[in-house]
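Comments concern the structure below.
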Amino acid sequence: MPNWGGGNKCGACGRTVYHAEEVQCDGKSYHKCCFLCMICRKNLDSTTVAIHDDEIYCRSCYGKKYGPKGYGYGQGAGTLNMDRGERLGIKPEEAQHARPSTNSNPSKFAQKFGGAEKCPRCGESVYAAEKIMGAGKAWHKNCFRCAKCGKSLESTTLTEKEGEIYCKACYAKNFGPKGFGYGQGAGALVHAQ
């Protein structure tokens, strides 16, 4: 059958794309209205598109589906995210059994909404508006600091030892390797007593 319209076929819907409505990406043509993320359906442009095989995604969905997983990867310190990725085609790990609660408040409201988690630094209750997760525990924003120097921490600058959190510099200085050539700088003398 002859192609009377003369346009390329859309990479998303398969219909003819005419020049006035054409968006090109990775050698394929798309209608402007079809150039959408495969998951969240947001409009894309050359700065927000990420391609995997023949599928197009926004950078956020691409990172969630194909990016690194695990502790330390995500949206930064203080972000709580309960999305396990089912809508992205990610299979959740084995059925997770309910973990025993470390919550000392037995009320059903506190167990459901987490209102009674205690900050490991000050021992006070940590509520959602002021909660930062680090080293597997809930912290107040003001308590989420290095135990040695008091510097404010983020998920990328955090190290943990025996339940306490440190900045990377203090952790290296106090718990890292010691001896000639380690961490004291050129010409420094260390007096051990």
Side-chain angles (χ1 to χ4, degrees), residues 37 39-40 42 47-50 57-88 90 92-93 96-107 109-193:
C37 174
I39 295 170
C40 69
K42 287 182 185 171
T47 62
T48 60
V49 69
Y57 301 95
C58 66
R59 292 195 182 275
S60 176
C61 290
Y62 179 87
K64 288 177 186 173
K65 187 166 184 176
Y66 299 108
K69 310 280 186 294
Y71 181 77
Y73 294 103
Q75 292 90 17
T79 301
L80 297 177
N81 189 349
M82 300 306 291
D83 181 11
R84 295 191 317 227
E86 289 95 353
R87 65 187 180 93
L88 302 176
I90 300 168
E93 295 172 13
Q96 296 176 351
H97 302 290
R99 292 183 293 176
S101 175
T102 57
N103 191 344
S104 62
N105 188 339
S107 78
F109 181 83
Q111 288 175 358
K112 185 172 183 179
F113 297 104
E117 287 183 272
K118 301 292 183 190
C119 175
R121 178 77 39 89
C122 70
E124 297 292 320
S125 294
V126 181
Y127 298 100
E130 58 188 359
K131 184 178 190 178
I132 294 180
M133 293 300 291
K137 298 176 186 156
W139 302 78
H140 291 110
K141 288 179 184 176
N142 290 337
C143 295
F144 198 64
R145 299 179 172 278
C146 175
K148 291 288 183 187
C149 69
K151 185 166 105 177
S152 186
L153 298 172
E154 295 178 5
S155 63
T156 57
T157 60
L158 166 74
T159 51
E160 183 262 341
K161 183 169 176 86
E162 298 172 359
E164 197 52 80
I165 55 175
Y166 303 92
C167 67
K168 292 189 178 202
C170 288
Y171 183 88
K173 190 182 339 178
N174 292 293
F175 306 111
K178 308 258 187 300
F180 180 75
Y182 287 107
Q184 298 298 323
L189 296 176
V190 178
H191 296 287
Q193 294 175 347

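Each residue takes its place number in the sequence, starting with 1.
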Original post:
So do I165 and L153 actually touch side chain to side chain, heavy atoms under 4.5 Å?
Top reply: yes
Original post:
Are F175 and T159 close enough that some pair of their side-chain heavy atoms sits under 4.5 Å apart?
Top reply: no
Original post:
Can you list the residues that meet the side chain to side chain contact (heavy atoms under 4.5 Å, CB included) rule with K148, with sequence neighbours excluded?
Top reply: C146, Y166, C170, N174
Subject >> For R145, side chain to side chain contact (heavy atoms under 4.5 Å, CB included) partners two or more places apart >> reply: R121, S152
Original post:
Shortest non-hydrogen contact from C40 to C58?
Top reply: SG-SG, 3.7 Å
Original post:
Which heavy-atom pair separates F144 from G134 by the least distance, and what is that distance?
Top reply: CE1-CA, 3.8 Å
Nearest-0.5 Å distance, [atom1] of residue [X] to [atom2] of residue [Y]:
X    : Y    : atom1 : atom2 : result
E160 : Y171 : CD    : OH    : 8.5 Å
T47  : R59  : OG1   : CZ    : 7.5 Å
E154 : I132 : CD    : CD1   : 9.0 Å

Subject >> Backbone of M133 reached by a side-chain donor or acceptor of W139 within 3.5 Å >> reply: no
**OP:** Output yes when a side-chain donor or acceptor of H140 lies under 3.5 Å from a complementary backbone atom of S125, and no otherwise.
**Re:** yes
**OP:** Quick one: do K137 and E117 satisfy salt bridge (charged side-chain N to carboxylate O under 4.0 Å, His left out)? Show the steps, please.
**Re:** CA-CA 9 Å; K137 298 176 186 156; E117 287 183 272; over 6 Å; no
**OP:** Walk me through it: do I39 and K65 pass the test side-chain contact (heavy atoms from CB on, under 4.5 Å)?
**Re:** CA-CA 10 Å; I39 295 170; K65 187 166 184 176; 4.1 Å; yes
Original post:
By side-chain hydrogen bond (donor to acceptor under 3.5 Å, both in side chains), which residues pair with S60, not counting sequence neighbours?
Top reply: none
